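What follows is a set of notes on a single structure, which appears directly below.
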Amino acid sequence: MRKSNPFFYSFLSTPLGTTIIGWQNDLLAAFVLPQPSPEKAFHYLQSYHLPQHDSFKLETQLPWPDFSDKVNAYFSGEKVGFSEPITIDQFSDYTRQILNVTKNIPWGEVKTYQQVAQLSSQKRAYRAVGQALHRNPIPLIIPCHRVVAKSSLGGFGYGLDWKLRLLTLEKFQS
DNA sequence: TACACCACGCGAT
DNA sequence: ATCGCGTGGTGTA
């Protein structure tokens, strides 16, 4: 009989809506951008490709004491960097590589899909970069909104309005 | 294998 | 503005 392997999550309400923070073994594994209802937020969580788990377990306390304050600070426009340990082991080498490169883009800076590709092992695979970022289960903490196309915003899983909102929080315009 | 799909970039209309 | 093509990772069968 194998040990149960739950996926832990917690709701966090912000002025912009309800977010979900998800983790396993004290490693950050998922983040859901603010939604109008907890149900919608949970729906997003379920749509993610998450690490192996056999159940969901709702917790009231996060493994990182100041994380929720940092999230709220971010949404109120403060310059916040996230350093909590994450897990993205469920993805291929390539996807992990792209997510790791993206994780290192600081608050207030952007890179193009092409620039991210050039920092990876496949210098010309800028389309694959977009595909990898589309699977990002930890937006904000892995700041995929800071990767834009050379002459437009590019795309965003939550809709371009969200991408623009996040970039605007970080002082970008249009 | 073989396809189709894609959050791109570039050059030619 | 729009089109067509190169490009490469991934999912599906």
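Predicted model only: the values in this text are computed from it and were never measured. Labels below follow one simple rule: chain letters A, B, ... track the order of the sequence lines, proteins then strands, and each chain is numbered from 1.
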- Query: A:T95 near the nucleic acid: base, sugar-phosphate alone, or nothing, with a heavy-atom cut-off under 4.0 Å?
  - Reply: sugar-phosphate
- Message: Expressed as a whole number of angstroms, how long is the span from A:I98:CD1 to B:dA7:C1'?
- Response: 13 Å
- Using atom CD of A:Q114 as one end and atom C1' of C:dG6 as the other, report the distance to the nearest whole Å. 13 Å
- Task: Using a heavy-atom cut-off of under 4.0 Å over every strand shown, decide if A:Y94 touches base, sugar-phosphate, or nothing.
- Result: sugar-phosphate
- Item | Protein-nucleotide distance (A:Q122, atom CD; C:dG8, atom C1'), rounded to Å | 7 Å
- Can you tell me how far P of B:dA7 sits from NZ of A:K111, to the nearest Å? 22 Å
- Note on the structure: Walking DNA chain C from its 5' end, the first of A:R135 and A:R124 to be reached, judged by nearest nucleotide, is A:R124
- Task: Answer yes or no: is there a side-chain heavy-atom contact under 4.5 Å between A:I21 and A:W64?
- Result: yes
- Message: Could you check whether A:K57 pairs with A:E59 (Lys NZ or Arg NE/NH1/NH2 to Asp/Glu carboxylate O, under 4.0 Å)?
- Response: yes
- Message: Rounding to an integer number of Å, can you tell me how far A:H49 NE2 sits from C:dG11 P?
- Response: 7 Å
- A:Q118 CD to B:dC8 C1', straight-line distance once rounded to whole Å: 12 Å
- Query: Now, which nucleotide makes the Watson-Crick or G-U wobble pair with B:dA7, with each of the two distances under 3.5 Å?
  - Reply: none
- Give a yes or no on whether the backbone of A:H49 and the side-chain of A:Q90 come within a donor-acceptor separation of less than 3.5 Å. yes
- Message: With a 6.0 Å cut-off on the ring centroids, do A:F8 and A:F56 count as close?
- Response: no
- Note on the structure: note: A:F156, atom CZ; B:dC6, atom C1'; distance rounded to Å ~ 17 Å
- Task: Would you kindly give the CZ-to-P distance between A:R127 and B:dC10, to the nearest whole Å?
- Result: 13 Å
- Query: Does A:Q131 make a side-chain N or O approach to OP1 or OP2 of B:dC8 shorter than 4.0 Å?
  - Reply: no
- Query: OP1, OP2 of B:dA7 versus side-chain N and O of A:K163: anything below 4.0 Å?
  - Reply: no
- Query: Any donor-acceptor pair under 3.5 Å linking the side chain of A:N5 with the backbone of A:Q52?
  - Reply: yes
